[in-house]
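For ligands, and for the atoms within them, numbers begin at 1 and follow the listed sequence. Every value quoted in this text rests on a predicted model; they were computed, and no experiment measured them.
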Amino acid sequence: MRTNVFSLVICLLAGTTLYAQPNINYDESKVPDYVLPELLVTSKGETIRSVSEWEKIRRPELLELFTSQMYGRTPDDSGITVRYELVTENPRALGGKATSKQVKFIFSNGTKELEALLLLLIPNGRTGKVPVFVGYNFKGNHSTLNDTTILYSRNFALVKEPGHPDWERGCQTNRWSYDDIIGRGYAVATMCYHDIFPDKPGLKDYSVVSLFKGYGDRPEAPDEWQAIGAWAWGSSRIVDYLATEPRIDTDKIAIMGHSRQGKAALWAGALDPRFKVVISNNSGEGGAALSRREYGESIERVSSIKPAWFCPAFNRYRGKEQERPFDQHQLIALMAPRAIYVASAVEDRWADPKGEYLGAYHATPVYRLYGLTGLESDQMPGLHEPIMNDIGYHIRKGKHDVTRYDWLRFMDFADKRFGKP
Ligand code: GCU
């Protein structure tokens, strides 16, 4: 009983979804002495010494490991078409500072169609192309801004908890610093992640996964893609759309994801090189954090969430963090030579801030191969002491969340890569 009460308090302190459970470690002295899987040694034991060896041999090997054992295989999407319908355009959004567009994406496999709604804000008063942040929201586009013209997306009705104030218009404006983003000359494109794959059990038929050939016809394969794979695929479809927007600079696309979307942003960044800056906020287990630290959330826990986020093969590593043939520093390294930023919050112990830092730190050797600078010290920086190298990192005070402080640093980081807009 004592253990359970203790776990409950710890979960509350973690500032995240409440899952009371024993066996979650928050004691740094209990972190095992772990040995990380090699980043620059191939499966045949050969050392990687050049960018071309990395790109030709080791990167594909690692990408295949993450595909087959963790995030799942993205199926061939040649049978899927996407149409765009401009639903609204408002040149005086955000008090005149931005032009907003709402664009319906209609995904079709020829017999079945699904819709998703994109909200795009483009800064006014600037000429030429602008860089853009792409990111999913959790509670609908209407939750990100107090503007009655912003529509509810179709899947909102499926996932909304009736009467829950947490789903009201504007309820997550704190997570979307639009005034700052637009003020600094960035565009921002957001979509509700439920539109792509509803994150509630029993709704897979409403996910884009259900449009793909073979869906529901056969038992799931060990590497069958699940929610994270679908979210990553969906963010690439947002990039396809942005490429049709004359005001968007497609060489300057950043993806930002928080928490489960921080995991999905890393996977999207690994798969799609059009994301030139990848930002993973409080992504924790299955994201930036090293599993081998066995601190905070475990593989057992994250792989038990329903609907599944990871492919079935990942379940074999439950309770076997030290036996995984790969760990998250190798995922972060897949972004190179593009810029990657990992952000933590000190009270977000469930996500293991130190593990997130070390995940990024141990990706550094690949950045060095490119002549770039990753994280130079295995010691974490202090609170609000961001590092802005080709790998960037900050830890801020407070809980699991996306705050204005985070956005300001994300923009500083993007400015460094893209040049100030
Ligand atoms: C849960 C889950 C985490 C996830 C988080 C979120 O806490 O255990 O892995 O990151 O939800 O997405 O908010």
Side-chain angles (χ1 to χ4, degrees), residues 7-26 70-71 135-140 143-144 159 161 164 166-167 171-172 174-176 190-194 196-201 226-232 234-235 255-268 279-291 293-311 314-315 317-319 321 327-328 331-332 342-356 359 395 398-403 406:
S7 312
L8 188 77
V9 171
I10 289 303
C11 286
L12 275 169
L13 285 175
T16 181
T17 319
L18 180 61
Y19 293 101
Q21 49 179 331
N23 308 323
I24 293 292
N25 175 38
Y26 288 111
M70 190 165 182
Y71 299 107
Y136 287 113
N137 60 71
F138 285 72
K139 311 253 162 165
S143 73
T144 70
V159 293
E161 289 145 38
H164 204 293
D166 202 18
W167 288 86
C171 67
Q172 296 216 314
N174 58 315
R175 287 193 173 178
W176 295 89
T190 188
M191 183 182 275
C192 181
Y193 81 133
H194 295 296
I196 298 296
F197 192 114
D199 199 10
K200 197 171 175 179
Q226 307 292 337
I228 289 182
W231 293 324
S235 37
I255 183 167
M256 193 296 282
H258 168 62
S259 205
R260 69 201 69 179
Q261 288 310 325
K263 309 180 208 299
L266 289 171
W267 186 229
I279 300 165
S280 155
N281 190 65
N282 303 180
S283 60
E285 185 69 34
L290 294 175
S291 298
R293 277 179 37 82
E294 298 189 37
Y295 184 103
E297 188 171 20
S298 60
I299 292 180
E300 165 101 52
R301 170 66 188 73
V302 80
S303 66
S304 305
I305 292 171
K306 297 278 176 243
W309 293 348
F310 303 92
C311 72
F314 191 51
N315 301 345
Y317 300 115
R318 289 177 177 162
E321 273 77 0
D327 210 323
Q328 298 310 96
L331 176 70
I332 293 171
V342 171
S344 306
V346 72
E347 288 174 45
D348 186 20
R349 297 191 301 159
W350 180 246
D352 185 13
K354 186 168 179 186
E356 292 173 328
I395 180 163
K399 293 189 176 32
H400 188 75
D401 205 352
V402 194
T403 66
D406 296 318

Run the numbers for me: atoms of ligand 1, each under 4.0 Å from some heavy atom of Lys263, listed by number.
3 (C), 4 (C), 9 (O), 10 (O)
Considering only heavy atoms from C-beta outward, does the side chain of Gln261 approach that of Phe138 to under 4.5 Å?
yes
Are any of the N or O atoms of Arg260 closer than 3.5 Å to those of ligand 1?
yes
Taking distance alone, with N or O pairs closer than 3.5 Å, would you say Trp350 contacts ligand 1?
yes
For atom NZ of Lys354, decide whether the heavy atoms of other residues, nucleotides or ligands shown that lie under 6.0 angstrom number more than 12.
no
Which of the ligand 1 atoms, numbered from 1, are nearer than 4.0 Å to a heavy atom of Ser259:
4 (C), 5 (C), 6 (C), 10 (O), 12 (O), 13 (O)
Do Ser291 and Tyr317 come close enough that some side-chain heavy atom pair is under 4.5 Å?
no
Side chain to side chain donor-acceptor pair (under 3.5 Å) involving Thr403 - partner list, sequence neighbours excluded
Arg396, Asp406
Counting from 1, what ligand 1 atoms have a heavy atom of Val302 closer than 4.0 Å?
9 (O)
Is ligand 1 under 4.0 Å from a heavy atom in the side chain of Ile305, in the backbone, in both, or in neither?
side chain
Could you tell me whether some N/O pair between Glu285 and ligand 1 is separated by less than 3.5 angstrom?
no
Hey, is Tyr193 touching ligand 1 through its side chain, its backbone, both or neither, going by heavy atoms under 4.0 Å?
neither
Hey, does His258 sit under 4.0 Å from ligand 1 if you only count heavy atoms?
no
Is there a side-chain contact between Trp231 and Trp309 in this structure, where contact means two heavy atoms from C-beta onward sitting under 4.5 Å apart?
yes
Can you list the residues that meet the side chain to side chain donor-acceptor pair (under 3.5 Å) rule with Asp401, with sequence neighbours excluded?
Arg175
His400 heavy atom under 4.0 Å from ligand 1
yes
When the ring planes of His258 and His400 are compared, do they come out parallel, tilted or perpendicular, using 30° and 60° as the limits?
tilted
